There are 2 protein chains.
Amino acid sequence: MTERNHQIVVRALPEDRLAETHFESRHVDREVPAEGQVLTRTLLLSIDPANRTWMQGATYRAPVRAGDVMSGFTLAEVVTSRDPRFRPGQIVECDNGWQEYACQPAGTLVPIEPVTELTHHLSVLGLTGLTAYFGLLEVGRPRPGETVLVSAAAGATGSVAGQIARIAGCRVVGLAGSEEKCQWLTGRLGFDAAINYKTASLSSALKEHCPDGIDVFFDNTGGDILEVALRRMNLGGRIVVCGVVSQYDTGSPAPGPRGVPGLIVTKRLRMEGFIVMDFFAQREVATRRLAGWLESGALIAREDILDGLDAAPRALVGLLAGENLGKRIVRVADAAGA
Amino acid sequence: MTERNHQIVVRALPEDRLAETHFESRHVDREVPAEGQVLTRTLLLSIDPANRTWMQGATYRAPVRAGDVMSGFTLAEVVTSRDPRFRPGQIVECDNGWQEYACQPAGTLVPIEPVTELTHHLSVLGLTGLTAYFGLLEVGRPRPGETVLVSAAAGATGSVAGQIARIAGCRVVGLAGSEEKCQWLTGRLGFDAAINYKTASLSSALKEHCPDGIDVFFDNTGGDILEVALRRMNLGGRIVVCGVVSQYDTGSPAPGPRGVPGLIVTKRLRMEGFIVMDFFAQREVATRRLAGWLESGALIAREDILDGLDAAPRALVGLLAGENLGKRIVRVADAAGA
């Protein structure tokens with residue numbers, strides 16, 4: 001009997017906001033790995049705002065189209081290997097998307113040696129943590145004593161970026177969308193201040209909590225928040241453009257913020273985008289540091305885990321609505337072991 | 001008898017476009033230098049798009065208000081010095097504004113030793129040339145073989161930036177507002193291509209003339225041009241934000257370009273502003289290089305000179321309308337010598 005594979009497929013691309021009805025479940029025959037391929041079983045599915053951008057068209061990767069298995073970054077376990085580099089039971093990073101099984105060319109798999117709970121390898125020790133690490137330290141280059149502002153600060157990347165800024169000796173201010181998130185940032189993660197941008201006047205709150213201006217803005221949102229933050233940036237400030245979540249879940253992206261490029265000149269700002277893969281040459285050192293901070297308790301990992309592949313559409317729609325605290329993950333299966 | 005001083009004063013700040021009627025002439029008593037001050041006589045007045053931004057509010061310098069002598073950067077000659085560092089007849093860079101005479105604190109004057117025509121010390125060898133030099137080389141960091149796009153390429157800064165890019169071994173494409181300017185860029189300055197943005201479809205012209213995309217965009221204009229150029233930038237491209245002339249002469253600046261910050265992320269762009277003074281530690285080396293290129297003929301200086309202080313309002317209004325080719329200067333007086 002042929003084994004079956006459960007997949008979640010994009011039924012139709014959203015014209016405006018994403019809803020669970022844009023997806024549908026299907027069961028197909030499981031593929032059989034060809035020579036040089038590896039059959040993997042998805043264990044954990046990373047749910048990221050970037051997933052939504054892949055539905056908007058070409059980005060740094062191919063767009064997702066109607067009828068495709070939804071794309072998503074995964075941790076998986078090798079089931080059958082037709083490549084000498086991999087053996088059953090091994091844990092790998094891969095791009096399986098929203099399905100239980102996928103055959104992957106061996107060259108696209110990154111083996112990982114879990115040093116702690118597997119979920120941490122998708123959050124603090126995975127691409128999320130590395131995005132925060134490289135974005136803040138390599139693009140933002142904060143100096144001790146500087147003020148770092150982080151938007152979507154209670155999200156997966158923002159919460160790590162803010163904690164690294166604290167470790168680097170900066171004053172850290174976070175923006176988040178609820179009182180609960182703000183209390184978590186200051187009470188648990190050691191942020192110096194947190195602002196609920198949904199209830200506060202952002203402009204006066206920034207004046208109050210960034211009395212010396214903003215030196216580094218780690219921005220995950222763009223939109224109005226970026227426009228207001230620009231006005232509070234210091235001379236020579238750096239804007240780390242990590243994401244633009246305010247513009248992802250819509251069919252009509254807003255124009256760019258006022259002040260670009262005018263304030264970029266008068267304040268001599270540097271606004272720079274990056275993708276975590278740009279810094280992979282330094283991945284080993286970065287992962288070791290992140291693991292050290294995690295072990296010492298300097299860095300707190302927070303995950304927001306939903307169970308079962310069928311939860312994936314709900315997990316992404318909810319993420320875009322800002323309901324998560326920390327890294328959102330869908331647990332698809334438990335490792336079977338070798 | 002007290003000597004008189006001819007000044008041009010801002011009668012009223014423009015609400016929208018600047019006109020000559022926003023200025024008026026007046027004659028007042030000439031000031032007498034106090035201890036530590038130097039009385040200088042304005043020789044050449046630099047007419048720059050930045051002059052207009054100073055009328056919009058605080059920038060990197062104090063705003064110009066109604067009733068003020070119009071601000072402007074100048075080359076002047078020392079008439080009387082009450083500071084041991086200066087002697088009559090010496091040529092200095094200073095901030096006299098639109099007037100024949102000004103008393104300046106000695107510490108604000110920068111003595112210059114003319115090595116060629118004095119006007120060149122306001123164009124290629126002055127702040128204009130240095131702005132092009134530092135902006136292109138230090139902020140843009142072009143590599144030989146890369147494609148450099150320059151907006152307002154027939155203007156004072158753009159024409160020098162483009163020529164330096166050519167010297168640096170790049171493919172150089174200029175944007176300008178008339179056929180005459182475009183012909184000058186390719187025929188005389190050695191640009192590889194020039195696009196008349198007023199008649200061409202910018203998007204298809206960029207595709208044609210930047211077949212390998214744009215690596216460095218030296219942008220003097222902002223606005224729609226920036227929005228279209230963003231879409232043609234290469235991965236890892238750099239946008240040198242030198243000025244935003246499209247937004248200076250208006251009371252209602254446009255929103256920022258679409259694609260900011262979205263394309264900044266997906267293309268990993270760096271967008272960075274600067275002011276020439278940020279790089280003054282390297283001024284001597286830069287001036288020596290510019291002078292060498294000028295002498296060898298690798299760099300062509302082009303000036304657009306109007307005579308008499310009364311021409312200043314017309315010179316600025318015309319500059320903002322794009323009527324100049326090269327560096328616009330008002331010649332206020334000839335040096336008298338020591």
Side-chain angles (χ1 to χ4, degrees), chain A residues 49-50 53-54 56-61 131 134-135 139 151 217 219-227 229-230 233 235-248 252-279, chain B residues 49-50 53-54 56-61 131 134-135 139 151 217 219-227 229-230 233 235-248 252-279:
Chain A
T53 69
W54 306 339
Q56 289 183 320
T59 53
Y60 45 88
R61 58 180 285 153
T131 298
F134 291 124
V139 183
S151 61
F217 177 27
D219 187 21
N220 291 299
T221 58
D224 293 342
I225 286 178
L226 173 56
E227 186 163 307
L230 265 169
M233 293 298 295
L235 278 191
R238 292 130 270 159
I239 299 171
V240 181
V241 191
C242 180
V244 195
V245 71
S246 69
Q247 306 303 317
Y248 291 165
S252 53
R258 272 168 212 281
V260 172
L263 290 175
I264 304 274
V265 184
T266 52
K267 296 185 172 192
R268 291 89 131 174
L269 303 178
R270 172 164 60 85
M271 186 169 189
E272 190 165 352
F274 73 103
I275 304 278
V276 63
M277 286 79 89
D278 300 341
F279 295 96
Chain B
T53 69
W54 305 339
Q56 289 183 319
T59 52
Y60 46 90
R61 57 179 287 154
T131 297
F134 291 124
V139 183
S151 62
F217 178 26
D219 186 22
N220 291 298
T221 59
D224 293 341
I225 287 177
L226 173 57
E227 187 163 306
L230 265 169
M233 294 297 297
L235 279 193
R238 292 130 269 159
I239 300 172
V240 181
V241 191
C242 180
V244 195
V245 71
S246 69
Q247 306 303 316
Y248 290 166
S252 53
R258 272 168 213 280
V260 171
L263 291 175
I264 304 274
V265 184
T266 51
K267 296 185 173 194
R268 294 88 132 174
L269 302 178
R270 172 164 59 86
M271 187 170 188
E272 188 165 353
F274 74 104
I275 305 279
V276 62
M277 287 79 90
D278 300 341
F279 295 96

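Any value given below was found using the heavy atoms of this structure, including those in side chains, with hydrogens, waters and symmetry copies removed. Fair warning: this is a prediction, and the values are worked out from it, not measured in the lab.
At a 4.5 Å heavy-atom cutoff, B:A50 makes no contact with chain A through either its backbone or its side chain. Only the backbone of A:A254 comes within contact range of chain B, judged by heavy atoms closer than 4.5 Å. With a 4.5 angstrom heavy-atom cutoff, B:V244 touches chain A only via side-chain atoms. Only the backbone of B:L269 comes within contact range of chain A, with at least one heavy atom under 4.5 Å from a heavy atom of that chain.
With chain B as partner, the option from A:G262, A:P255, A:G259, A:G236 having the largest number of non-hydrogen pairs under 4.5 angstrom is A:P255. Between chain A and the residues B:D278, B:L226, B:T266, the largest count of heavy-atom pairs under 4.5 Å involves B:D278.
Note that CZ of A:R268 and CE of B:M277 are 6.5 Å apart. Values are rounded to the nearest 0.5 Å. To the nearest 0.5 Å, atoms CD1 (A:I275) and CG (B:L235) are separated by 9.0 Å.
Between A:V241 and B:M271 the shortest side-chain heavy-atom distance does not fall below 4.5 Å.
Nearest approach of A:G222 to B:P261, heavy atoms of both residues: CA-CG, 4.1 Å.
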